[in-house]
Amino acid sequence: MNYKTQMEAAKAGFVTDEMKVVAEIEGLDVAFILNGVKEGKIAIPANKNHKRKTYAGVGKGLKTKINVNLGISRDCPDVECEIVKVRDALKMKADAIMDLSSFGKTEEFRKRLIEVSDAMIGTVPIYDAVGFYDKELQDITAEEFLDVVRKHGENGVDFVTIHAGVNLSSAEIFKRNPRLLNIVSRGGSLTYAWMELNEKENPYFEYYDELLEICAEYDITISLGDGMRPGCIVDGTDASQIHELILLGELAKRAWEKNVRVMIEGPGHIQINDVVTNVKIAKKLTHEAPLYVLGPLVTDIAPGYDHITSAIGGAMAAAAGVDFLCHVTPAEHLRLPTVEDMREGIIACRIAAHAGDIAKGVKGAIEWDRKMGEARRVLDWDAQFELSMDPEKCKRYREESVPMHGDSCTMCGKMCSVRNMNRIIEGKGINILKAED
């Protein structure tokens, strides 16, 4: 079949190679994947120009995916440094990498990223526009904003974040409902500033049909950005956030009519008792489209530890139905993350995603934990290392503190409950004070 997008193929009942790969990885019937893509509940971000060996699905019934943010900036323009992070992120099983580059050799980095990555690649075109054209924000035209998306499509970007929900109506809602932290989304604030400076409508909203044509040409998935997301928990679930969600739901339906796949981006800072409510509201207002959230962070007072505040909210969000988590590092709000910051953020995000998968009953999720339980019961240390999310760290910790007895650790020694229960059940005696068994 000749088709332009995965959704067009799905509506015609045609199973693509990408759908087959996702079905095999998820251990699900391919008909389930096809139906999910057809209804907009599953997205398989896969640009025709991004040649790779594997694909990931994002959406209802699938494993929760994780994204890693990378990219060069004016203060840190080193392409090679970011490529090192890319390779490390892929090694640590990131499902997606978002290039948030905003200055310097952005196209060079983007092309290299796409070349080396089998993971799906996302970008935020408005970040790139100022550097790409070497023009101040207010001087960029609507046509130029669209052309940046086209350039990213030509390069092979699989999904783009577009802040089309920040329009003149949402600007009015924002003005009538003051916030503590105003607009913290970088893309949202840039869009709002452009509208105010030019006294015009957001180009990505005004020319949304033209944007959809570009996305259909390259089969780019639109990730409708949460430009009005709360930047601190006291701003959570306010009028601006909910108004934008309503707009995003309408924009999602318009995209599906044009066979363009959609993901919805969700809140960043939400108090813990509002996380589940926010997920349910977002899913309802956006018609069960795949939901992608940053965190959410459940408190604002832990800079340096925001990978933890994010993992708490992320686990709850994933359990409630979120499909895609964006990693947050210990450096969030403070600086560009180092490789080690990135690693800590990835592990925290993977823990949250997996915890959510267990709660959602995702196929095979709890079996991983069952295998770890079995390895611990028989004190098989090598198996425990291999089953862990970070085998290298587990091995290092074990080697740094070697126990007197190999069937225990230096925390409990011969008082190890697992060791002693095994011995008693096997009809053996135990001794704790004697050095020998």
As a quick check of understanding, evaluate side chain to side chain donor-acceptor pair (under 3.5 Å) for Thr329 and Glu344, giving each step before the final call. CA-CA 6 Å; Thr329 77; Glu344 292 292 315; over 6 Å; no
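- The environment of NZ in Lys91 is sparse: at most 12 heavy-atom neighbours from other residues, nucleotides or ligands sit within 6.0 Å.
- Formation of a donor-acceptor pair under 3.5 Å by the Asn202 side chain with backbone atoms of Val166 is found in this model.
- No side-chain heavy atom of Met120 sits under 4.5 Å from any side-chain heavy atom of Asn47.
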If you apply the rule side chain to side chain donor-acceptor pair (under 3.5 Å), what do you find for Asp128 with Ser102, and how did you get there? CA-CA 5 Å; Asp128 191 30; Ser102 58; over 6 Å; no
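- Considering only heavy atoms from C-beta on, Ile222 comes within 4.5 Å of Leu211 through its side chain.
- Separating the CG atom in Asp158 from the CD1 atom in Ile220 is a distance of 9.0 Å, to the nearest 0.5 Å.
- Here the side chain of Arg87 pairs no donor or acceptor atom with the backbone of Ser117 at under 3.5 angstrom.
- Counting non-hydrogen atoms of other residues, nucleotides and ligands closer than 6.0 Å to CD of Glu392 gives a total of 12 or fewer.
- Side-chain atoms of Asp88 never come within 3.5 Å of backbone atoms of Val84 as a donor-acceptor pair (strictly under, hydrogens ignored).
- Atoms OG and CG, on Ser170 and Leu245 in that order, are 11.5 Å from each other to the nearest 0.5 Å.
- Counting non-hydrogen atoms of neighbouring residues, nucleotides and ligands closer than 6.0 angstrom, the CD atom of Gln138 exceeds 12 such neighbours.
- Here the rule is side-chain contact (heavy atoms from CB on, under 4.5 Å) with Glu8, and of Thr16, Asn259, Val260 only Asn259 fits it.
- Taking a cutoff of 4.0 Å between a charged side-chain nitrogen and a carboxylate oxygen, Glu400 and Lys393 do not qualify as a salt bridge.
- Sequence neighbours left out, the pairs with a member in residues 348-359 that pass side chain to side chain donor-acceptor pair (under 3.5 Å) are Thr64-Asp357, His354-Asp369.
- For the side chain to side chain donor-acceptor pair (under 3.5 Å) test, no residue two or more places apart in sequence or in another chain qualifies with Lys53.
- Checked by atom type and distance alone, the side chain of Gln6 never pairs as donor or acceptor with a backbone atom of Asp219 at under 3.5 Å.
- The stretch residues 167-200 participates, sequence neighbours left out, in these ring pair (Phe, Tyr, Trp, His ring centres under 6.0 Å) pairs: Phe145-Trp194, Phe174-Tyr192.
- In this structure, the side chain of Asp238 engages the main chain of Gln241 through a donor-acceptor pair within 3.5 Å.
- Looking at heavy atoms from C-beta onward, Arg261 lies in side-chain contact with Ile44 at the 4.5 angstrom threshold.
- Using a cut-off of 4.0 Å between Lys/Arg side-chain N and Asp/Glu carboxylate O, Lys111 and Glu107 are scored as salt-bridged.
- The line from CE of Met342 to OG1 of Thr338 is 8.5 Å long, rounded to the nearest 0.5 Å.
- Asp274 and Thr277 are not linked by any side-chain donor-acceptor pair at a separation below 3.5 angstrom, with hydrogens and angles left out of the test.
- Residues in residues 5-32 take part in these ring pair (Phe, Tyr, Trp, His ring centres under 6.0 Å) pairs, two or more places apart or across chains: Tyr3-Phe14.
- Under the 4.5 Å side-chain criterion, counting only non-hydrogen atoms from C-beta, Ser185 is in contact with His163.
- With Asp235 contributing its side chain and Leu181 its backbone, the two residues share a donor-acceptor pair below 3.5 Å.
- Among residue pairs with one or both ends in residues 257-286, those qualifying as ring pair (Phe, Tyr, Trp, His ring centres under 6.0 Å) are His269-His333; sequence neighbours excluded.
- A salt bridge (charged side-chain N to carboxylate O under 4.0 Å, His left out) with Asp390 holds for exactly one of Lys93, Arg343, Arg396; it is Arg343.
- A salt bridge is absent between Glu115 and Arg52; no separation between the charged side-chain nitrogens and carboxylate oxygens falls under 4.0 Å.
- Residue Met1 qualifies as enclosed at atom CE: its count of foreign heavy atoms under 6.0 Å is above 12.
- For the atom pair CE of Met263 and OH of Tyr292, the computed distance is 7.0 Å after rounding to the nearest 0.5 Å.
- In terms of modelled atom types and a separation under 3.5 Å, the side chain of Asp341 and the main chain of Pro330 share no donor-acceptor contact.
- The environment of Lys135 atom NZ is dense: over 12 non-hydrogen atoms of other residues, nucleotides or ligands sit within 6.0 angstrom.
- Trp256 is listed as a side-chain neighbour of Val262, based on a closest heavy-atom distance under 4.5 Å.
- Legend: residues meeting side chain to side chain donor-acceptor pair (under 3.5 Å) with Lys38, ordered by chain and number and at least two apart, are absent.
- With hydrogens and angles ignored, the 3.5 Å screen pairs no side-chain donor or acceptor of Asn198 with any backbone N or O of Lys200.
- Looking at Glu374 and Lys371, no side-chain N of the basic residue comes within less than 4.0 Å of a carboxylate O on the acidic one, giving no salt bridge.
- In the displayed structure, Lys48 atom NZ is contacted under 6.0 Å by more than 12 heavy atoms of other residues, nucleotides or ligands.
- Between His307 and Tyr305, the ring planes lie parallel to each other; the angle is under 30°, not in the 30° to 60° tilted range.
- Not a single donor-acceptor pair under 3.5 Å links the side chain of Asn67 to the backbone N or O of Asp95.
- Residue pairs meeting the ring pair (Phe, Tyr, Trp, His ring centres under 6.0 Å) criterion with at least one partner in residues 119-140, sequence neighbours excluded, are absent.
- The distance from atom OG1 of Thr123 to atom CD1 of Ile114, rounded to the nearest 0.5 Å, is 8.0 Å.
- For the atom pair SG (Cys349) and CE (Met92), the distance works out to 11.0 Å, reported to the nearest 0.5 Å.
- Not counting sequence neighbours, the partners of Gln271 by the side chain to side chain donor-acceptor pair (under 3.5 Å) test are Asn273.
- Considering only residues two or more places apart in sequence or on other chains, Lys11 meets the salt bridge (charged side-chain N to carboxylate O under 4.0 Å, His left out) condition with none of them.
- For the pair Glu26 and Lys363, the minimum side-chain heavy-atom distance is 4.5 Å or more.
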Residues 310-323 side chain polar contacts: donor-acceptor under 3.5 Å, at least two apart:
residue, atom, partner, partner atom, Å
Asp323, OD2, Lys283, NZ, 2.7
Asp323, OD2, Leu291, N, 2.8

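- The closest side-chain heavy-atom distance from Val130 to Phe103 is not below 4.5 Å.
- Here the side chain of Asp300 pairs a donor or acceptor atom with the backbone of Ile233 at under 3.5 angstrom.
- With sequence neighbours excluded, no residue forms a side chain to side chain donor-acceptor pair (under 3.5 Å) with Glu154.
- At least one side-chain heavy atom of Ile72 sits less than 4.5 Å from a side-chain heavy atom of Val79.
- Looking at every heavy atom in both residues, Pro203 comes nearest to Ala142 through CB-CB, 3.7 Å.
- Pairs engaging residues 66-82 under the salt bridge (charged side-chain N to carboxylate O under 4.0 Å, His left out) rule: Glu80-Arg112, Glu82-Lys85 [sequence neighbours left out].
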